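Structure, as structure tokens:
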4 protein chains.
Amino acid sequence: MRIKDEEKQQALFEATIKMVNEIGFVKSSVAKIAAEAKVSPATLYIYHKNKVDLLVSTYLQIKKSLSIEALKGFQSDMDVYEGLKLIWKNLFHYFSKHTDYFQFTEQFSNCPYAKLINREEVDSYFSPVFELIQYGIDQKLIKNVDFEILHCFLVAPILHLANPTICNNFTVNNENVDIAFDLAWDAISYRNN
Amino acid sequence: MRIKDEEKQQALFEATIKMVNEIGFVKSSVAKIAAEAKVSPATLYIYHKNKVDLLVSTYLQIKKSLSIEALKGFQSDMDVYEGLKLIWKNLFHYFSKHTDYFQFTEQFSNCPYAKLINREEVDSYFSPVFELIQYGIDQKLIKNVDFEILHCFLVAPILHLANPTICNNFTVNNENVDIAFDLAWDAISYRNN
Amino acid sequence: MRIKDEEKQQALFEATIKMVNEIGFVKSSVAKIAAEAKVSPATLYIYHKNKVDLLVSTYLQIKKSLSIEALKGFQSDMDVYEGLKLIWKNLFHYFSKHTDYFQFTEQFSNCPYAKLINREEVDSYFSPVFELIQYGIDQKLIKNVDFEILHCFLVAPILHLANPTICNNFTVNNENVDIAFDLAWDAISYRNN
Amino acid sequence: MRIKDEEKQQALFEATIKMVNEIGFVKSSVAKIAAEAKVSPATLYIYHKNKVDLLVSTYLQIKKSLSIEALKGFQSDMDVYEGLKLIWKNLFHYFSKHTDYFQFTEQFSNCPYAKLINREEVDSYFSPVFELIQYGIDQKLIKNVDFEILHCFLVAPILHLANPTICNNFTVNNENVDIAFDLAWDAISYRNN
DNA sequence: GATGAATGAGCCTTCATTCAT
DNA sequence: GATGAATGAAGGCTCATTCAT
């Protein structure tokens, strides 16, 4: 008996992302993805129940790895400002390094496949961030407004600026990333003037 | 020669949006869209060169109407804060009223069809906003940072908060919209402490 | 607008029977049937909802035409012996003339597709025969036994003898058909010795 | 070298019959049959050259066991009437006990797989019956007509009445079986009135 | 002997588009 | 202009069979 080939699994993961980014969900057929992964279409079905399962699990795998990278170096006793800035920079770094992964998830979250995701589970990967924000609110460092508002000022700008499909006039470098964070911080933090 | 039927045109527009929102680009076939519009597939080709043309022109039509609504009541001599707030509220209002249009464009902009759009043209619909921001910078009311950064803090949060696919715990009402704008304003405006 | 083509319909009917007889249900793909009918696979789906519908409606059409041929020349006031003999001969004649139709129905009735048929409806095509048998019973010309037993002695032998797949040593000619009917008659009729 | 596992062999035999009866030849894939037998598809190929071989040998095995059961208690010096009646009852008994085996063979004999069977060989299993009929003819107890006619009146009714796919209004019990045999006997025997 | 992995070929069906009326 | 019929190509998926362990 042959054993399941980890390389094929990985090749399918990469091929899926590549094809979806290059030609979109609409034209990314199983045949093309399999060809890109140098695997038979039938083989794909050993690793995934069907096409949707392939796409969903690709998405989840990216989100998982993203959450790990996002929290790299983070400690729960960090200063709120420092903590959020670290995560902000980690996210930009991840998106710059894995533009392809990022593009895939953005396309995914904006199409009906998104409904197939258990949002709570994915959110749980990022719970330390949520806790940090809550701590900031409690400490009156962060405005006490609807959580989604805070969350969106901390996340949406990154997704926007790092996304070359949407925003192609922006250069992601240390300076710009720092500047952008300052805007985010000004948005959410208490002014004590 | 009979004249092209304005009603059919409109029916196709609405059907396209409905189908794409319900089942996504992937499964929205010409046949289904035509059926939804109560029109023959062949008829669709009288109004549009091909499927892509149908989608692209649907997108552009929405963007056009969006820009008109966004600028409703705006005057070029407006105060920067007031002007931006007006537009901010107009946008939220439009997205709440036309959730379906909005969803369509979000799905569109995040998939490869977006490459087919002449971005400059669409941006030109919104040029008064850009000019207002630039004026704010010149007047030292708004931070003098990369334009994309400012732009994204003014737009990305709206797209995030108003999008039920992404953000379903947020209630769009006057109070929340005002609060959110204050965060945006704090993000982009000069602090003079 | 083009109109539905009666010839294509008929070509599909014949092609289905031909393929199923030649290579069986297992290997009779939609592609092969369509090719045999000189029609695109897609065209088949204009005339039939799916493959099963094609097979079922082919079966029903044959059964309908069979019932018409079987009852040709039959009158309700006929002598029981003469009536049954007429039908018996009509059936043999039909099966000899349309061996292909016959083979198709036999293969169909013995496989799970048969479950999809509304038996009562098909039986209703043959109701005059059933009434004649019942009349024979009432007149004490035919044994008063379970109806299925009578029915099977009147039908099963024909299906057996006329079926070249099962019975290839038998020559269907007038003499043999008459002889066979005498056996059937002896089976079902009262002996008054 | 380990020895072939008799249990696996048997499991495949049963699984084949079960699947073919439940979903038909068309949908009975090797994978499904193997799964039903709790065996790997690859294992199946140790016991059978290919899929067709599996089906054919399943058919032959049933036919063999059928012939044994059919002739149980039969002796070559039996009275013609008694002999035929014994076999008639044995057949009904077998078909009632092994409805699944029976259904399989009926489906098999009516589809192109039947061509792969060496008919003479299968017939040879039943040669005592044929000899008995011939003896009956010689003794002028049985009509001297084409052998296939006699054969079909002795066999076709059983296959018809015992087959729930074709005939579902008939109750197989001792009384009905006896009555049916009387019809068969009346069909084939000389009348001496 | 036994097995799950692996596969090219083929399955049924739907696709975007054009034809003929 | 409007339409349902028509289609070759391609869609997702499963097939019978073999491979490698």
Side-chain angles (χ1 to χ4, degrees), chain A residues 1-6 8-9 26-35 38-55, chain B residues 1-5 8-9 26-35 38-54, chain C residues 1-6 8-9 26-35 38-54, chain D residues 1-5 8-9 26-35 38-55:
Chain A
M1 190 198 79
R2 243 180 285 179
I3 209 156
K4 252 182 198 167
D5 188 339
E6 180 59 44
K8 286 197 174 60
Q9 180 93 285
V26 174
K27 308 200 79 182
S28 291
S29 68
V30 167
K32 285 178 195 153
I33 292 170
K38 290 183 178 142
V39 146
S40 162
T43 303
L44 192 152
Y45 288 85
I46 294 169
Y47 294 88
H48 298 281
K49 209 168 88 257
N50 53 36
K51 191 191 179 182
V52 168
D53 178 70
L54 169 70
L55 299 174
Chain B
M1 190 182 93
R2 252 179 288 170
I3 204 158
K4 276 188 196 174
D5 187 338
K8 286 197 174 59
Q9 181 92 282
V26 174
K27 309 198 78 184
S28 291
S29 67
V30 168
K32 284 177 194 155
I33 292 170
K38 289 176 181 156
V39 145
S40 161
T43 305
L44 191 151
Y45 284 85
I46 295 167
Y47 294 86
H48 297 282
K49 209 172 84 246
N50 52 35
K51 191 190 178 182
V52 169
D53 178 69
L54 167 72
Chain C
M1 191 197 78
R2 241 181 284 180
I3 208 157
K4 250 183 201 166
D5 187 340
E6 180 60 44
K8 285 197 175 62
Q9 180 94 283
V26 174
K27 309 199 80 183
S28 291
S29 68
V30 167
K32 284 178 196 154
I33 292 171
K38 292 183 175 142
V39 147
S40 161
T43 304
L44 193 152
Y45 287 84
I46 294 169
Y47 294 87
H48 297 281
K49 209 170 89 253
N50 53 34
K51 192 192 178 181
V52 168
D53 178 70
L54 168 71
Chain D
M1 189 183 94
R2 254 180 285 170
I3 204 159
K4 277 187 195 173
D5 188 336
K8 287 197 173 61
Q9 181 92 283
V26 173
K27 309 196 79 183
S28 292
S29 68
V30 169
K32 285 177 194 155
I33 292 170
K38 289 177 180 154
V39 145
S40 161
T43 306
L44 191 151
Y45 285 84
I46 295 168
Y47 293 87
H48 298 282
K49 208 171 86 244
N50 52 35
K51 192 189 178 182
V52 169
D53 178 68
L54 168 72
L55 298 174

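The sequence lines fix the lettering, A, B, ..., with proteins before strands; numbering per chain opens at 1. Keep in mind the model is a prediction, meaning the values are calculated, not measured.
Using a 4.5 Å cut-off on side-chain heavy atoms (C-beta onward), Leu54(C) and Tyr47(C) make no contact.
Residue Lys32(B) places at least one side-chain N or O closer than 4.0 Å to OP1 or OP2 of dC15(E). Close to dA6(F), at under 4.0 Å from its OP1 or OP2, lies a side-chain N or O of Lys8(C). Taking side-chain N and O atoms only, Thr43(A) has a distance below 4.0 Å to OP1 or OP2 of dT7(E). Distances shown here put a side-chain N or O of Tyr47(B) below 4.0 Å from the OP1 or OP2 atom of dA2(F).
The side chain of Tyr45(D) lies closest to dT18(F) when the candidates are dT18(F), dG11(F), dT7(F). Closest approach to the Val30(B) side chain among dA5(F), dT17(E), dT3(E) is made by dT17(E) (side chain taken as heavy atoms from C-beta onward).
Mapped onto DNA chain F by nearest heavy atom, Ile3(A) and Val52(D) fall at different nucleotides, with Val52(D) at the one closer to the 5' end. Both Lys38(C) and Ala42(B) lie near DNA chain F, and the one whose nearest nucleotide falls closer to the 5' end is Ala42(B).
Contact record, Ile33(C) with Ser28(C): CD1-O, 4.1 Å, taken as the closest heavy-atom pair. The nearest pair of heavy atoms linking Val39(B) to Lys8(B) is CG2-CD, 3.9 Å. Across every non-hydrogen atom of Ser40(D) and Ala34(D), the tightest pair is C-CB, 3.9 Å.
Judged by Watson-Crick or G-U wobble contacts below 3.5 Å, the nucleotide dA16(F) has dT7(E) as its partner. dT21(F) is paired with dA2(E) under the criterion used here, namely a Watson-Crick or G-U wobble arrangement in which both key atom distances are under 3.5 Å.
Of the possible polar contacts, one joining the Lys32(D) side chain to the Lys27(D) backbone as a donor-acceptor pair under 3.5 Å is found.
Spacing between atom NZ of Lys4(C) and atom C1' of dA6(F) amounts to 12 Å, rounded to whole angstrom units. If you take CD1 of Ile33(D) and C1' of dT17(F), they are 14 Å apart, rounded to a whole angstrom. Here dA5(F) presents its P atom at 11 Å from CD of Gln9(C), a figure rounded to the nearest Å. Rounded to an integer number of Å, the gap from Lys51(D) NZ to dT14(F) C1' is 11 Å. The interatomic distance linking Arg2(C) (CZ) with dA2(F) (C1') rounds to 15 Å, in whole Å. Atoms CG (Leu44(A)) and P (dA6(E)) sit 12 Å apart, rounded to a whole Å. At whole-Å resolution of the value, CD1 in Ile46(B) and P in dG4(F) are 12 Å apart. Rounded to whole angstrom, the span from the NZ atom of Lys27(C) across to the C1' atom of dC15(F) amounts to 12 Å.
If you check distances only, the side chain of Ser29(C) never reaches the base of dG10(E) with a donor-acceptor pair under 3.5 Å.
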